[in-house]
Q: 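The structure follows.
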Amino acid sequence: GLTEKLEKAFQGLKDKGKLGPDDVKRGLREVRLALLEADVNYKVVKSFLSRVEVRALSSEVLESLTPFQQLVKIVYEELVETLGKKAEGLNLNGKPAVVMLVGLQGSGKTTTCAKLAYYLRKKGHNPMLASVDVYRPAALDQLQTLAEKINVPYFPASPSDKPVDIALSAVKTAKEKGRDVLILDTAGRLHIDEALMNELVELKSRLNPQEVLLVADAMMGQEAVNMAQTFHERVGLTGVILTKIEGDARGGAALSIREVTGVPIKFLGVGEKVEALEVFHPERLASRILG
Amino acid sequence: FEVDRLITQADLDELEERLILSDLGVETTFALLEPIKRDLSLGKNITSKELKNRLREGLLNLLVDPTRPFPPQGNPATLFFVGVNGVGKTTTIAKLAKNFKDGGYKVLMVAGDTFRAGAIEQLQRWGERVGVPVYAQKEGADPASVIYQGVDKAIKEGFELVLIDTAGRLHTKYNLMEELKKMARVIEKFIPQEGYENILVLDANTGQNAISQAESFFKAIPIHSVILTKMDGTAKGGVAFAISHKFKLPIRFIGLGEKPEDLLPFDKESFVKAILP
Ligand SMILES: Nc1nc2c(ncn2[C@@H]2O[C@H](COP(=O)(O)OP(=O)(O)OP(=O)(O)O)[C@@H](O)[C@H]2O)c(=O)[nH]1
Ligand SMILES: Nc1nc2c(ncn2[C@@H]2O[C@H](COP(=O)(O)OP(=O)(O)OP(=O)(O)O)[C@@H](O)[C@H]2O)c(=O)[nH]1
Ligand SMILES: [Mg+2]
Ligand SMILES: [Mg+2]
């Protein structure tokens, strides 16, 4: 991991014991490389490390007998702090509460909708699933199949319907059927697609959802910042769900997204099955990003 | 970089930022900039024009050219699509199917993803949309047996091109990679080496994890080429340089959207041009 990397980079210094400020700066360069290799955004690495440097150049490291461990500890603590110290729950104050999932193509929105429904039902809620993805072939079928698998009511729609009409009817139906949460799947879209971003803005203004969750792929590279920032500025996000984290992606995109938008990471997708959803805890992700 | 002048260390720093932001990764970026940094530190004069040329050459050299014809020479030519979840395999198959159908080929698509909800329907809808038949069994069927029956049908009914879809799978999952090996072996039973191509589909938004993906898929089955999707987004797909160079994989096509016509043959020059300032 990072401690080993630092020790290797400073092999000649082993007998010196304590570190001088220049040594610490060299150590921070190693940390920088580790973060970049973990896909943390270039600019985020800069701002993040400037915070770390303040602590790293203090007696905390310079007076320590185990300076490398101390430096890694500081980086780890700063990562945990930045990623969000405690898990934030979902705002479900609505009759019904509306939870809308948005994001780039293929990030895992439809699957995550089903996971959220499964999770909320286990916690004693009465969720309903609906989709306004009238574009992707068999997208509605995909969500319907998942809903049937987990025995959660699904609001039927057809690709010839309009997204806003589907959404409004789904909310009405959820209310009538006594469902307390409506989970709404949306079509994958590029953050630079004006028409589709406007569609999201319109959906949000008509539905007033309690949650607008960005579903982001853990293996995203440098553009995670630009993407998340655009979704946040145009639509307004209340949370992030990071998917496919059970692979070996380091997940640096999570730090970038959180650092730049300040939006809390609420859940992690840890598999393809409907049970594979975890409440977010920063410690594990911080360790992976460090490597 | 537009005006021809002598470059400074600041220019190289700016360039480093740009390359990293394009997802080239630390290793590739350093390898490209190191010789130039060294020359600069030795007091050599380098103009911005020279710099751009050296970079362009360096980047072009990382992209290997294909050595096999496309489609491969098989009866039928068989394309096997693999990759992690959500990268665009199914959509890419539909795009290629339409392309080759318009080119006069008799094309069959095989619904090898028997796992994910709605996967078979998705390929079938695409089949109707682009006018290409789809061979499928039920959700939950053994994927290797679907491929077996699909290729067998293709041979018996004189199809010239077969495109095989597979379920998305994380390269770190042992059972799923074993399943993939089994599926690839079925194809090998029917088609000689020069008749099939195993294509790794990569999402241009992916960061350095793409290297781990390529490495693991290549360990499991021979991979012959790459298709890079979602290049219509803002990601530059820079990790493709390391992948092409490390694993000697040519990039055949890039995906530029969600419609059947949104697939272009890979062009080295324009790919490199998009990365440079
Ligand atoms: N391994 C893994 N796969 C996941 C996870 N979440 C979703 N997937 C898979 O990722 C792929 C894409 O998931 P979808 O739910 O279709 O993604 P989407 O965002 O709805 O896609 P579009 O609607 O096309 O934008 C599928 O193969 C899912 O099974 C996860 O946490 N881990
Ligand atoms: N913008 C854009 N979207 C694409 C491109 N290729 C595929 N997509 C979209 O990405 C999403 C996922 O595509 P799929 O073809 O389902 O991906 P997949 O690899 O088959 O997914 P799984 O089978 O679930 O692993 C869909 O919404 C596609 O429309 C592309 O080149 N550009
Ligand atoms: Mg979807
Ligand atoms: Mg697919």
Side-chain angles (χ1 to χ4, degrees), chain A residues 32-34 36-43 45-46 104-111 114 135-149 159 187-193 217-227 230 243-244 246-253 271-272 274, chain B residues 16-27 29-30 84-91 94 115-129 139 167-173 176 203-210 212-213 216 229-230 232-239 257-258:
Chain A
R32 177 172 174 267
L33 291 183
L36 287 175
E37 285 165 351
D39 288 322
V40 180
N41 181 275
Y42 190 93
K43 296 175 183 158
V45 171
K46 256 194 185 154
L104 292 180
Q105 291 90 345
S107 60
K109 297 174 293 301
T110 306
T111 312
Y135 310 99
R136 169 172 155 154
L140 301 177
D141 304 63
Q142 183 184 1
L143 189 62
Q144 181 166 15
T145 301
L146 289 171
E148 286 167 1
K149 278 200 180 123
R189 69 204 63 219
L190 296 179
H191 49 295
I192 52 172
D193 186 325
D217 199 320
M219 61 187 185
M220 253 199 120
Q222 298 285 308
E223 276 303 298
V225 160
N226 189 5
M227 183 272 298
T230 308
T243 61
K244 310 174 202 173
E246 85 277 16
D248 61 354
R250 296 271 293 277
E272 298 185 68
V274 83
Chain B
E16 175 189 272
E17 174 169 346
R18 185 193 185 88
L19 295 180
I20 299 271
L21 285 175
S22 304
D23 282 319
L24 256 78
V26 166
E27 193 182 310
T29 300
F30 281 16
V84 303
N85 309 72
V87 296
K89 298 176 291 302
T90 306
T91 308
F115 169 76
R116 204 206 70 212
I120 294 170
E121 288 87 332
Q122 185 185 7
L123 192 63
Q124 286 172 328
R125 296 284 160 80
W126 269 118
E128 293 159 10
R129 198 168 141 180
E139 182 177 312
R169 68 202 63 225
L170 288 189
H171 51 296
T172 47
K173 302 194 172 175
L176 297 183
D203 183 331
N205 289 298
T206 310
Q208 300 309 300
N209 190 249
S212 171
Q213 292 174 24
S216 302
T229 63
K230 308 180 195 172
D232 49 319
T234 54
K236 295 280 186 331
V239 71
E258 305 187 68

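Letters go in sequence order (proteins before strands), and every chain restarts at 1. Remember, predicted model here, so these are calculated numbers, not experimental data. Computation of the quantities below employed the complete heavy-atom set of this structure, encompassing side-chain atoms and omitting hydrogens, waters and symmetry-equivalent molecules.
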Q: With sequence neighbours left out, write down each residue that passes side-chain contact (heavy atoms from CB on, under 4.5 Å) with Ala204(B), or none if nothing qualifies.
A: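 Leu228(B), Met231(B).
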Q: Given that the side chain runs from C-beta out, which part of Leu33(A) has a heavy atom under 4.5 Å from chain B: side chain, backbone, both or neither?
A: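 Contact with chain B: backbone and side chain both.
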Q: Chain A heavy atoms under 4.5 Å from Val239(B): which part of the residue, side chain, backbone, both or neither?
A: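 Neither part, no heavy atoms under 4.5 Å.
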Q: CD of Glu139(B) to OG1 of Thr145(A): how many Å apart, nearest 0.5 Å?
A: 6.5 Å
Q: Heavy-atom pairs under 4.5 Å with chain A - which of Val84(B), Val26(B), Asp203(B) has more of them than the others?
A: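 Top count of heavy-atom pairs under 4.5 Å with chain A: Val26(B).
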Q: side-chain contact (heavy atoms from CB on, under 4.5 Å) with Tyr135(A): which residues, sequence neighbours excluded?
A: Asp133(A), Pro163(A), Ala187(A), Leu196(A), Glu199(A)
Q: Using a 4.5 angstrom heavy-atom cutoff, name the option from Arg116(B), His171(B), Arg129(B) with the most pairs to chain A.
A: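 Answer, by heavy-atom pair count under 4.5 Å with chain A: Arg116(B).
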Q: Is it the side chain or the backbone of Leu104(A) that comes within 4.5 Å of chain B heavy atoms, both, or neither?
A: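 Side chain of Leu104(A) only, per the 4.5 Å heavy-atom cut-off to chain B.
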Q: Give the intermediate values and the outcome of side-chain contact (heavy atoms from CB on, under 4.5 Å) for residues Leu36(A) and Ile20(B).
A: CA-CA 8 Å; Leu36(A) 287 175; Ile20(B) 299 271; 3.9 Å; yes
Q: Should we count CD of Glu17(B) as having more than 12 external heavy atoms under 6.0 Å?
A: yes
Q: At a 4.5 Å cut-off on heavy atoms, which part of Leu176(B) comes close to chain A: side chain, backbone, both, or neither?
A: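 Contact with chain A involves the side chain of Leu176(B) alone.
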Q: With a 4.5 angstrom heavy-atom cut-off, is it the side chain or the backbone of Glu128(B) that approaches chain A, or both, or neither?
A: neither
Q: Taking the side chain from Asp23(B) and the backbone from Gln222(A), do they hold a donor-acceptor pair closer than 3.5 Å?
A: yes
Q: I would like to know whether Glu121(B) and Arg136(A) meet salt bridge (Lys or Arg N to Asp or Glu O under 4.0 Å); could you show each step before the answer?
A: CA-CA 11 Å; Glu121(B) 288 87 332; Arg136(A) 169 172 155 154; over 6 Å; no
Q: Any idea which heavy atoms bring Lys230(B) and Gly106(A) closest together, and the distance?
A: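 For Lys230(B) versus Gly106(A), the nearest heavy atoms are NZ-CA, 4.2 Å.
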Q: Side chain to side chain donor-acceptor pair (under 3.5 Å), that's the test. Do Asn209(B) and Asp248(A) meet it? Break it down for me.
A: CA-CA 7 Å; Asn209(B) 190 249; Asp248(A) 61 354; 2.7 Å; yes
Q: Kindly give the heavy-atom pair with the smallest separation between Pro137(A) and Arg125(B), and that separation in Å.
A: CB-CB, 3.7 Å
Q: Report which part of Asn41(A) has an atom under 4.5 Å of a heavy atom belonging to chain B: side chain, backbone, both, or neither.
A: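 For Asn41(A), side-chain heavy atoms alone lie under 4.5 Å from chain B.
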Q: Between Arg169(B) and Glu246(A), is the closest basic N to carboxylate O distance under 4.0 Å?
A: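 Judged by the 4.0 Å cut-off on N to carboxylate O distance, Glu246(A) and Arg169(B) do not form a salt bridge.
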Q: Report the C-alpha distance between Glu258(B) and Gln105(A) in whole Å, list the side-chain angles of each, state the deciding distance to 0.1 Å, and finish with yes or no for side chain to side chain donor-acceptor pair (under 3.5 Å).
A: CA-CA 9 Å; Glu258(B) 305 187 68; Gln105(A) 291 90 345; 2.8 Å; yes
Q: Is Asn226(A) in contact with chain B via its backbone, its side chain, both, or neither, using a 4.5 Å heavy-atom distance?
A: side chain
Q: With a 4.5 angstrom heavy-atom cut-off, could you sort out which part of Gln208(B) is near chain A: side chain, backbone, both or neither?
A: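 Contact with chain A: backbone and side chain both.
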Q: Quick check for you: among Met219(A), Arg250(A), Glu37(A), Met220(A), which has the greatest number of heavy-atom pairs under 4.5 Å with chain B?
A: Met219(A)
Q: Rounded to the nearest 0.5 Å, what separates atom CG in Asp232(B) from atom CD1 in Ile192(A)?
A: 7.0 Å
Q: Under 4.5 Å from any heavy atom of chain B, what part of Arg189(A) do you find: side chain, backbone, both or neither?
A: neither
Q: Go through it in stages, so that I can follow the logic: the residues are Lys244(A) and Asn85(B), the test is side-chain contact (heavy atoms from CB on, under 4.5 Å), and I'd like the CA-CA distance, side-chain angles, deciding distance and then a yes or no.
A: CA-CA 8 Å; Lys244(A) 310 174 202 173; Asn85(B) 309 72; 4.3 Å; yes
Q: Any chance NZ of Lys46(A) has more than 12 other-residue heavy atoms, nucleotides or ligands included, within less than 6.0 Å?
A: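 Result for NZ/Lys46(A): open.
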Q: With a 4.5 angstrom heavy-atom cut-off, could you sort out which part of Lys173(B) is near chain A: side chain, backbone, both or neither?
A: side chain
Q: Quick one, Leu21(B) with Lys43(A), criterion side-chain contact (heavy atoms from CB on, under 4.5 Å). Give me CA distance, side-chain angles, the key distance, then yes/no.
A: CA-CA 9 Å; Leu21(B) 285 175; Lys43(A) 296 175 183 158; 4.1 Å; yes
Q: Between Ala138(A) and Gly118(B), what is the shortest heavy-atom contact and its length?
A: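 Looks like CB-O, 4.1 Å.
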Q: Of the backbone (N, CA, C, O) and the side chain (C-beta and beyond), which part of Gln124(B) lies under 4.5 Å from a heavy atom of chain A, both, or neither?
A: neither
